[in-house]
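Structure record follows, encoded as structure tokens.
For the single chain, residues carry numbers from 1 onward in sequence order. This is a predicted model, so every value here is computed, not measured.
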Amino acid sequence: MDFTYYPFGNAYVKVAECNGNQGFQCWNEKCGAGVTNPPSDCYTGDIVCQHGNGECYGNLVETCVKNATKEDASKYMPFVYCFEAAGDASPSLLNKCAPMFGLNPQVISSCAAGPSGKALMAKDAKATAMVQGRDYVPYITVNGKVLQETSLLLYTICHDYKGTKPPGCPF
């Protein structure tokens, strides 16, 4: 099973066609799934996060951690859990959590503050925007489709799994 985490949420990128004030809905209509001719600034403008600058900082840190761990969920998700558990993304929390998982907080901080972090966020923005049927966050996709009823996650995975079912699949 593949697992990928995109720390973008209900953020959006400011695009000129949205006049800077129409928010997520406009960005999603201009740049989201199914758009055949999106504006050139869909993933290059300033990012606005639903819960403010703290959330944007946290998203940057988490995407940089994903990159530093070569997108290995078994390595980045324990950090994400530590970092998210306090509910307030901050440099002090980065300094606390990163070493616990063998990560250098200065490297992550440099990524988050620089062009690498911006490029990684653009990648996450595009991946998030391309999901059809995403009406809320967090969301889960199984075989490219948003799972509307998350309580059916185990059933859906077991049902869709090709090959010999692992012991954790009771269905």
Side-chain angles (χ1 to χ4, degrees), residues 2-73 75-77 79-81 83-84 86-95 97-98 103-150:
D2 291 330
F3 175 88
T4 306
Y5 172 71
Y6 297 107
F8 195 73
N10 281 332
Y12 64 92
V13 180
K14 287 184 179 179
V15 293
E17 287 189 30
C18 293
N19 300 320
N21 62 358
Q22 296 172 342
F24 175 81
Q25 191 68 31
C26 181
W27 176 73
N28 199 43
E29 289 170 8
K30 302 286 183 189
C31 304
V35 175
T36 55
N37 192 18
S40 62
D41 60 349
C42 277
Y43 308 106
T44 59
D46 292 333
I47 295 173
V48 178
C49 291
Q50 180 181 12
H51 301 292
N53 291 336
E55 179 184 14
C56 281
Y57 171 77
N59 291 348
L60 280 163
V61 165
E62 290 175 7
T63 199
C64 288
V65 167
K66 271 181 52 184
N67 187 62
T69 60
K70 298 182 180 14
E71 299 199 14
D72 181 341
K75 294 179 180 173
Y76 68 74
M77 284 309 294
F79 169 85
V80 169
Y81 180 77
F83 194 64
E84 294 272 346
D88 184 29
S90 67
S92 63
L93 202 51
L94 168 62
N95 290 331
C97 295
L103 299 164
N104 182 327
Q106 287 77 29
V107 169
I108 302 303
S109 184
S110 292
C111 170
S116 295
K118 187 168 176 87
L120 292 167
M121 281 306 302
K123 181 179 164 188
D124 287 348
K126 187 170 189 175
T128 301
M130 293 300 114
V131 176
Q132 292 193 13
R134 180 183 73 86
D135 297 327
Y136 53 88
V137 292
Y139 64 93
I140 299 169
T141 62
V142 177
N143 290 332
K145 296 178 187 152
V146 173
L147 182 64
Q148 296 296 332
E149 184 56 57
T150 56

Student check: side-chain heavy atoms of Glu84 and Glu62 closer than 4.5 Å: yes

Nearest-0.5 Å distance that lies between atom CG in Leu94 and atom OH in Tyr57: 4.5 Å

When you measure from the side chain of Asp41 to the backbone N and O of Ala16, does any donor-acceptor pair fall under 3.5 Å? yes

Looking at Ala112 and Cys64, what are the two nearest heavy atoms and their distance? N-SG, 3.3 Å

Would you compute the distance between atom CG of Asp124 and atom NZ of Lys126 and round it to the nearest 0.5 angstrom? 12.5 Å

So, the side chain of Thr69 versus the backbone of Val65: is there a donor-acceptor pair under 3.5 Å, distance only? yes

Closest heavy-atom contact between Pro38 and Cys31? CB-CA, 4.4 Å

Of the non-hydrogen atoms in Met130 and Ala33, which two are nearest, and what is the gap between them? O-CB, 3.4 Å

Is any side-chain heavy atom of Thr150 less than 4.5 Å from a side-chain heavy atom of Ile140? yes

Could you report the tightest heavy-atom contact between Gln50 and Glu55, atom names first, then the distance? N-OE1, 3.3 Å

To the nearest 0.5 Å, atom CG of Leu120 lies from atom NZ of Lys118 at 12.0 Å

Nearest heavy atoms of Phe8 and Val13, plus distance in Å: CZ-CG2, 4.4 Å

Side-chain (Thr63) to main-chain (Asn59) donor-acceptor, under 3.5 angstrom: no

Does Leu60 reach the side chain of Met121, with side-chain heavy atoms less than 4.5 Å apart? yes

What class does the angle between the rings of Phe79 and Phe83 fall in, given that below 30° is parallel, 30 to 60° is tilted and above 60° is perpendicular? parallel

Give the minimum heavy-atom separation between Val48 and Cys56, together with the two atoms involved. C-SG, 4.2 Å

For Tyr5 and Val80, indicate whether the former's side chain and the latter's backbone hold a donor-acceptor pair under 3.5 Å. no

Quick one: SG on Cys26 to NZ on Lys14, what's the gap to the nearest 0.5 Å? 13.0 Å

Classify the ring geometry between Tyr43 and Trp27 as parallel (under 30°), tilted (30 to 60°) or perpendicular (over 60°). perpendicular

Walk me through it: do Lys66 and Tyr6 pass the test side-chain contact (heavy atoms from CB on, under 4.5 Å)? CA-CA 9 Å; Lys66 271 181 52 184; Tyr6 297 107; 3.8 Å; yes

Answer yes or no: does atom CG of Asn95 have more than 12 heavy-atom neighbours from other residues, nucleotides or ligands under 6.0 Å? yes

Residues Ser116, Asn67; criterion side-chain contact (heavy atoms from CB on, under 4.5 Å); working and verdict: CA-CA 10 Å; Ser116 295; Asn67 187 62; over 6 Å; no

